[in-house]
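Notes to accompany the following structure.
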2 protein chains.
Amino acid sequence: MRTTVQDVARAAGVSVSTVSRALTGGSVSPATREAVVAVAHRLGYQPNRAARGLITGRTGNLGLIVPDLRNPFFADVAKGVTARARAVDCGVFISDTDEDPVAELEAIATLRHNTDGILLCSPRAKDAELLAAADPQNTVLLHRRVPGLSSVVADIVDGTRQAVQHLRALGHRRIAYVSGPEDSWATRQRLAGLATFDGDDLEILPIGSVAPTFDGGVLAGDLVLAAPATAVLAYNDLVAMGLLHRLAARGAVVPDRLSVVGYDDVSLAGMSHPPLTSVSVPKDRAGAIGLDLLLGRAGSMTAAQGAEVILPTTLVVRASSGEPPA
Amino acid sequence: MRTTVQDVARAAGVSVSTVSRALTGGSVSPATREAVVAVAHRLGYQPNRAARGLITGRTGNLGLIVPDLRNPFFADVAKGVTARARAVDCGVFISDTDEDPVAELEAIATLRHNTDGILLCSPRAKDAELLAAADPQNTVLLHRRVPGLSSVVADIVDGTRQAVQHLRALGHRRIAYVSGPEDSWATRQRLAGLATFDGDDLEILPIGSVAPTFDGGVLAGDLVLAAPATAVLAYNDLVAMGLLHRLAARGAVVPDRLSVVGYDDVSLAGMSHPPLTSVSVPKDRAGAIGLDLLLGRAGSMTAAQGAEVILPTTLVVRASSGEPPA
DNA sequence: ATGAAAGCGCTAACAG
DNA sequence: CTGTTAGCGCTTTCAT
């Protein structure tokens, strides 16, 4: 059997309530506290979080819901969350919903009762579904905004603008854009960024929507080559990697024939050939801030008050972008 | 306040114990059960797992400890675990220890008290440390074997043999091997596989140990080019990707000048240029089986009995391996 | 500053 | 088959 407060109390010659106070910071005489702490340590006492949660109403755990851990973007988010959780001694339940919106809602329903809060990465579900399933008081949406819920997002509009400005500065005037899932928040933000350049001295060529995956990028490769563009901005890095792959297979040298810019700056971006220029979004920081919001540790802001945090994006220039062909 | 058994009992006009029985499968009259279930559903009742765990002694949760979620290998493992966990309605606490052996041991200490069992990916910590920190009764080691603990591993020795045989069949006679962390179980297994070929008609050229990362592979690239090898087997896919990158930069065409074979077959393997031939290890299946072991769902085997599962490996041939230069 | 006692929500005896 | 009762381990009144 595990050691309980009872054991510690007996060994220290005090009552259980004194042990509890000594360990959680109640008013106890310094001498008593020291003695209790020593005994607790000697016995290897670890409070039973479930029992504590039963009475305090707080579990000390929170839930993280992501569509796919294999996607490096969400791996980064999870990394940020777990790192911060470890620092504040908070448990993290993870739920990989395998891109299934139904599983997503189920996960919300399960976790909201067994945690102090939920960090939710949900690119697919509809706004109304989320609003119906989630408790605004202790849910923080990551990398998506839904009115009525707290959220931590990156400034996608500005990031998109930076990417285009970079290409324009290099001399590009016709830039293809490979879009992702229609009707998603992330897609709309990117389009809003592109709309900034309307009526300017450059042309944005929409190539259509593809799956936000490597295969989606491969598919887009041929479409891009058929367009009169000298550069292409991809929905995300995975799509950009697929593009790079297909362009290489078709003999189109990057960036000589075509410049390629990705989005998200996942860890793979530096490993591609050539290394990928990409808009960097603070994935791990978003996760950490979301956690702080949930735990009321983010200064004055809390999830309960409907916080909306926007983090800056920065363009990371690597070798996949250069001057257009002469 | 959340709805409790009390609420359900009152609304259904029965006692709390009847509600409990009706919902957990005790002996209740069909009519009563139906009524209770209906009321519970109508009230949106969700049992408080903490309270249940307090009395049953089982939390319904388990812990997964990995060194780095960003590493696609562990992302795959986590994916396998969470998928199976969802199927059996079991919560998963995740702990990313950031490659820090101390954090690893801390995570074990924390989780072993708050879960029904631990799935442990620990390539770095020493055998003795693990034995001291972990409870053999409900710990399953993933992708590593330590006498005294249950484990689920892949047949690395055989996988290594398959890789070398593939290269030999292509005509290679001098094969470089880029090793990973010295003194790790995975490294020893690979070396054991290579030792199989001693005194054969081919030569294995050890290139030394590098970090099991992309950068480690980049580093190894030049060393490999300086060796009289026509093929190289890398410690893992990340190293192989780094190798590919460096070889391309040095103008060495793969597989014309040099064949490259990776290990693990992570999702990136198909995205490299050229796509990487790699030894496939069942990462997600290992995770799922480990979970079953912990929950006593793996047929006759259980973690408590010290199960040792070995899963088969298969070579996946892609474009990075071919005949040696004439 | 400390102890006794009352529960948190649930399940498992124990009666009926 | 069902209701009553006693806790699981912990925190938190309420006394002292």
Side-chain angles (χ1 to χ4, degrees), chain A residues 1-41 43-61 89-91 110-116, chain B residues 1-41 43-61 89-91 110-116:
Chain A
M1 214 50 209
R2 272 182 54 181
T3 56
T4 74
V5 264
Q6 307 273 2
D7 304 324
V8 177
R10 206 173 309 128
V14 295
S15 72
V16 289
S17 37
T18 299
V19 173
S20 175
R21 278 188 287 254
L23 266 28
T24 57
S27 45
V28 193
S29 85
T32 313
R33 159 162 293 133
E34 202 177 330
V36 170
V37 169
V39 171
H41 188 78
L43 266 48
Y45 170 71
Q46 297 258 121
N48 181 328
R49 300 187 110 164
R52 174 180 292 176
L54 202 50
I55 174 140
T56 60
R58 327 188 68 255
T59 61
N61 302 140
D89 189 35
C90 162
T110 306
L111 287 175
R112 65 179 289 184
H113 293 301
N114 297 313
T115 63
D116 295 343
Chain B
M1 214 50 209
R2 270 181 55 182
T3 56
T4 74
V5 263
Q6 308 273 1
D7 303 324
V8 178
R10 206 172 311 130
V14 295
S15 74
V16 288
S17 40
T18 299
V19 173
S20 175
R21 279 189 287 256
L23 265 29
T24 57
S27 44
V28 193
S29 85
T32 314
R33 160 162 292 131
E34 201 177 332
V36 170
V37 169
V39 172
H41 188 79
L43 265 47
Y45 170 71
Q46 297 258 123
N48 182 329
R49 299 188 108 167
R52 173 181 292 175
L54 202 51
I55 174 141
T56 61
R58 327 189 69 256
T59 60
N61 302 141
D89 190 34
C90 161
T110 306
L111 287 176
R112 65 181 288 184
H113 293 302
N114 297 314
T115 63
D116 296 343

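Just so we're on the same page: letters track the sequence lines, and every chain starts at 1.
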From the set [options], return the single nucleotide nearest to any side-chain atom of [X].
X     : options               : result
B:T4  : D:dT11, C:dG3, C:dC10 : C:dC10
A:V5  : C:dG3, C:dC10, D:dT11 : D:dT11
B:N48 : C:dG9, D:dT11, C:dT11 : C:dG9
B:S15 : C:dT11, D:dT12, D:dG3 : D:dG3

Give the table of side-chain donor-acceptor pairs shorter than 3.5 Å for residues 46-53 of chain A, with sequence neighbours excluded, one pair per line with atom names and distance.
residue, atom, partner, partner atom, Å
A:N48, OD1, A:A50, N, 2.8
A:N48, OD1, A:A51, N, 3.1
A:R49, NH2, A:D89, O, 3.0

Nearest-angstrom distance from the residue atom [atom1] of [X] to [atom2] of [N]:
X      : N      : atom1 : atom2 : result
B:R49  : C:dT11 : CZ    : P     : 12 Å
A:I55  : D:dT13 : CD1   : C1'   : 9 Å
A:D7   : D:dG9  : CG    : C1'   : 11 Å
B:Q46  : C:dC10 : CD    : C1'   : 15 Å
B:N114 : D:dC10 : CG    : C1'   : 13 Å
A:Y45  : D:dT11 : OH    : P     : 6 Å
A:L54  : D:dT12 : CG    : C1'   : 13 Å
B:R52  : D:dG7  : CZ    : P     : 22 Å

Using heavy atoms and a sub-4.0 Å distance, could you list which residues of residues 29-40 of chain B are near DNA chain D? By number, please.
->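 Residues of residues 29-40 of chain B that come under 4.0 Å of DNA chain D are, in numerical order, B:S29, B:T32.
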Angle, rounded to 10°, between the helical axes spanning five pairs at each terminus of the helix from C:dA1-D:dT16 to C:dG16-D:dC1?
->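 About 40° separates the two local helix axes.
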What are the atom names and distances for every N/O pair under 3.5 Å that joins the protein to nucleotides 13-15 of chain C?
residue, atom, partner, partner atom, Å
C:dA13, N6, B:R21, NH1, 3.4

Do the non-hydrogen side-chain atoms of B:Y45 and B:V39 ever get within less than 4.5 Å of each other?
->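 The answer is no; the side chains never approach within 4.5 Å.
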Can you find a heavy atom in the side chain of A:V5 that is under 4.5 Å from one in the side chain of A:V8?
->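 The answer is no; the side chains never approach within 4.5 Å.
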Search all heavy atoms of A:A9 against all heavy atoms of A:V19 and return the closest pair with its distance.
->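 Reported closest heavy-atom pair: CA-CG2, 3.6 Å.
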What closest approach, in Å, do B:N114 and B:T110 show between heavy atoms, and which atom pair accounts for it?
->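 B:N114 and B:T110 have their closest heavy atoms at ND2-O, 3.2 Å.
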Taking atom NE2 of A:H113 and atom OG1 of A:T115, what is their separation to the nearest 0.5 Å?
->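 Taking NE2 in A:H113 and OG1 in A:T115, the distance rounds to 9.5 Å.
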How many angstroms lie between atom OG of A:S15 and atom CD of A:Q6, to the nearest 0.5 angstrom?
->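 Answer for the OG-CD pair, A:S15 versus A:Q6, is 10.0 Å.
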Donor-acceptor pairs under 3.5 angstrom involving side-chain atoms of residues 23-31 of chain B: please list them, not counting sequence neighbours.
residue, atom, partner, partner atom, Å
B:T24, OG1, B:S20, O, 2.7
B:S29, OG, B:T32, N, 3.1
B:S29, OG, B:T32, OG1, 2.5

Describe the nucleic acid contact of A:T18 in one word from base, sugar-phosphate, nothing, applying a heavy-atom distance below 4.0 Å.
->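 The residue A:T18 makes sugar-phosphate contact but no base contact.
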Partners meeting side-chain hydrogen bond (donor to acceptor under 3.5 Å, both in side chains) with B:T59 (sequence neighbours left out) |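 If we apply the side-chain hydrogen bond (donor to acceptor under 3.5 Å, both in side chains) test to B:T59, skipping adjacent residues, the hits are B:D116.
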